[in-house]
Protein chains: 2
Amino acid sequence: MNYLSQKVLKLRDRLMTKHKTEKRIKKTVKLDKTSGISLWRQIADRLRADMIDLADETGRLPPEPELASLFKVNRLTLRSAVKALVEEGLLSRQQGKGTYIQQKRRLKYPISRRTRFSEGLNNQADQRSVTILDYQQEKALPIICEKLNLSEDAHVVRVETLSIADKMPIVRSTSWFCAKRFKNIGQLIKKHQSVTHAFRLCGVDDYVRQSTEVEARHANEADSRDLKLAPGGLILMTEVINTEINGTVIQYSRSRMAAERITLLIR
Amino acid sequence: MNYLSQKVLKLRDRLMTKHKTEKRIKKTVKLDKTSGISLWRQIADRLRADMIDLADETGRLPPEPELASLFKVNRLTLRSAVKALVEEGLLSRQQGKGTYIQQKRRLKYPISRRTRFSEGLNNQADQRSVTILDYQQEKALPIICEKLNLSEDAHVVRVETLSIADKMPIVRSTSWFCAKRFKNIGQLIKKHQSVTHAFRLCGVDDYVRQSTEVEARHANEADSRDLKLAPGGLILMTEVINTEINGTVIQYSRSRMAAERITLLIR
DNA sequence: CCGAATTTGTTCGTATGTATC
DNA sequence: AGATACATACGAACAAATTCG
């Protein structure tokens with residue numbers, strides 16, 4: 001028995017055991033063969049989630065034959081899964097040595113009543129930037145009017161942004177502002193690279209989040225492209241309403257965040 | 001040209017166009033054939049995300065041949081995708097009539113400094129319950145000690161719960177409490193079906209959330225089983241620290257929520 | 001430096017599932 | 001329903017790099 005067998009057996013035990021009160025019936029780690037998702041991808045997803053528990057102190061994973069038998073698949077199938085994770089940059093392999101976890105930390109993305117994107121990620125990433133992809137004045141859709149407390153025929157400014165940290169895209173946002181009051185906010189945000197700054201130039205000295213909604217979804221094609229997600233990637237979708245201190249709604253925005261690179265921190 | 005062609009063409013336009021400033025190079029809605037995910041499942045995932053945009057006011061989707069050509073696949077392939085969504089309960093089909101969206105509402109799950117599970121879901125679900133699957137006193141793992149501000153060799157009470165609304169599992173939680181101070185909290189929670197009530201009996205009249213962290217992940221096998229998720233399902237993972245009013249940490253818990261049935265509402 | 005053990009890398013052949021026409 | 005093309009999965013065997021006594 002080699003040096004990791006015990007550890008793997010222990011993990012398998014944990015994976016197979018629901019609660020101590022439950023009988024241990026299952027003999028295998030079940031994988032669904034008719035789900036339309038190939039075995040290697042199912043294993044890649046599971047490995048992505050659990051690799052930290054499988055690795056030893058040095059970040060080394062158990063050898064391929066051991067992992068293969070843990071998942072009850074052929075070694076080549078396991079290798080396909082590992083290959084996908086290597087291409088994602090999550091693992092590295094070296095012939096004769098082993099397979100290692102490439103540390104990839106999730107950014108902590110704080111959400112509080114007073115968070116601004118740039119402040120929140122301070123000291124967590126070396127390089128940060130917000131790219132304004134597009135801005136446009138247009139007739140507001142009914143749902144947007146409702147969120148911004150505007151009349152039916154109001155116009156709004158829509159601003160599309162992409163936030164980047166350490167060269168990886170993190171958040172893809174769409175924001176709406178009342179066009180009457182914030183006529184030039186598109187140019188201002190683009191010029192100063194800051195919503196807070198742009199607001200200040202429009203006479204809004206301070207603002208807070210009124211509400212935030214969070215959902216998890218599968219990335220659609222646009223998300224995958226904008227956020228450079230691996231196929232089958234996940235996004236955290238947030239819907240935010242910002243108000244002035246007196247309660248007037250001034251911004252409604254929807255963001256799609258690369259779930260694999262983000263932990264939301266709610267305070 | 002039938003009644004929906006225009007709408008579908010418009011959507012295809014939207015799907016294929018990134019921003020107005022970008023050239024329209026792409027001629028097809030790209031589907032990756034070597035991603036380890038079969039075409040029909042990729043289409044099922046995309047349909048799940050976008051079906052509201054595709055349907056008309058009555059919730060009816062375009063006819064199959066039209067959808068098939070939108071995704072550039074064979075009609076049989078499209079039918080496999082629709083079949084999967086019918087089995088998930090998201091769509092219904094009737095020969096000669098069409099394919100319809102089955103409305104499935106997400107529960108709003110509020111997170112604030114003073115939220116309790118049972119209160120939060122009030123008036124949103126007819127039946128709610130919290131099942132205590134297991135509780136156990138045990139030696140605390142280092143990570144748990146750290147979160148609870150306990151010494152290295154402390155013991156904790158671990159409580160496993162499953163929260164259900166309208167007969168569907170919503171949240172699977174694991175909570176840890178200091179065993180010294182909350183020796184009987186397992187029994188108390190089980191008896192009164194309420195953490196708040198159990199705390200009160202232990203002399204904690206009031207408590208607040210100190211921090212909440214949220215991540216999105218692929219469901220692993222245990223999640224899928226506990227939360228009755230469809231294959232490839234998503235979970236929202238939250239990590240919560242609760243403190244007394246004076247700041248003493250009294251509870252650390254990790255929850256895995258069925259992402260498809262939940263919108264987190266942060267106030 | 002040698003050789004054995006360990007571990008990843010590669011190549012056969014075969015069977016099955018997926019997608020198209 | 002049948003024919004075709006390709007990706008997926010398996011088993012077995014061998015090659016190449018690394019580690020260690």
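To find a chain, count down the sequence lines: A is the first, B the second, and so on, and within it residues start at 1.
The side chain of B:V73 sits closest to C:dT20 out of C:dT10, C:dT20, D:dA9. Taking every side-chain heavy atom of A:R60 into account, C:dT7 is the closest of C:dT7, C:dT10, C:dA19. You'll find that the side chain of B:L76 is closest to C:dT20, out of D:dT8, C:dT20, C:dT7. When the nucleotides D:dA9, C:dG9, C:dT7 are ranked by their closest atom to the side chain of A:R93, C:dG9 comes out on top. Across D:dC10, C:dT20, C:dT8, the shortest atom-to-atom separation from the side chain of A:L39 is found for D:dC10. When the nucleotides C:dT8, C:dT20, C:dT18 are ranked by their closest atom to the side chain of B:N74, C:dT20 comes out on top.
The distance between atom CD of A:E66 and atom P of C:dT7, rounded to the nearest whole Å, is 8 Å. Rounded to a whole Å, the CG atom of A:L67 is 12 Å from the C1' atom of C:dT8. The CH2-P distance, from B:W40 to C:dT20, rounds to 14 Å in whole Å. Protein atom CZ of A:F71 is 14 Å distant from nucleotide atom P of D:dA9, rounded to whole Å. Distance B:K72 NZ to C:dC21 P: 12 Å, rounded to the nearest Å. Atom pair A:E64:CD and D:dC10:P shows a separation of 14 Å (rounding to whole Å applied). Remark: C1' of C:dG9 and CG of A:L78 are 14 Å apart, rounded to the nearest angstrom. Protein atom CD1 of B:I43 is 13 Å distant from nucleotide atom C1' of C:dT20, rounded to whole Å.
For the pair A:R79 and C:dG9, the criterion of a side-chain N or O lying under 4.0 Å from OP1 or OP2 is met. OP1 or OP2 of C:dA19 has not a single side-chain nitrogen or oxygen of B:T77 nearer than 4.0 Å.
Here CD1 of B:I43 is found 12.0 Å from NZ of B:K72. Values are rounded to the nearest 0.5 Å. Of the inter-residue distances, the one linking A:E260 atom CD with A:K228 atom NZ reads 12.5 Å to the nearest 0.5 angstrom.
In this structure, the salt bridge (Lys or Arg N to Asp or Glu O under 4.0 Å) partners of A:E64, at least two apart in sequence or on a different chain, are A:R75, A:R79, A:R93.
Using a 4.0 Å heavy-atom distance criterion, B:S80 is classed as making no nucleic acid contact.
B:D166 places no side-chain N or O within donor-acceptor distance of the main-chain N or O of B:M168, the cut-off being under 3.5 Å. Of the possible polar contacts, one joining the B:R60 side chain to the B:K97 backbone as a donor-acceptor pair under 3.5 Å is found.
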With the criterion being N/O to N/O and under 3.5 Å, what pairs connect the protein with nucleotides 17-21 of chain D, and how long is each?
unit_1: D:dA17; atom_1: O4'; unit_2: A:Q95; atom_2: OE1; d: 3.3
unit_1: D:dT18; atom_1: OP1; unit_2: A:Q94; atom_2: NE2; d: 3.2

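Side-chain contact between B:T174 and B:V159 is absent, with no heavy-atom pair separated by less than 4.5 Å.
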Check your understanding: Could you go step by step and tell me if B:E239 and B:K147 meet the salt bridge (Lys or Arg N to Asp or Glu O under 4.0 Å) rule?
Key -> CA-CA 10 Å; B:E239 225 180 275; B:K147 299 284 184 180; 3.1 Å; yes
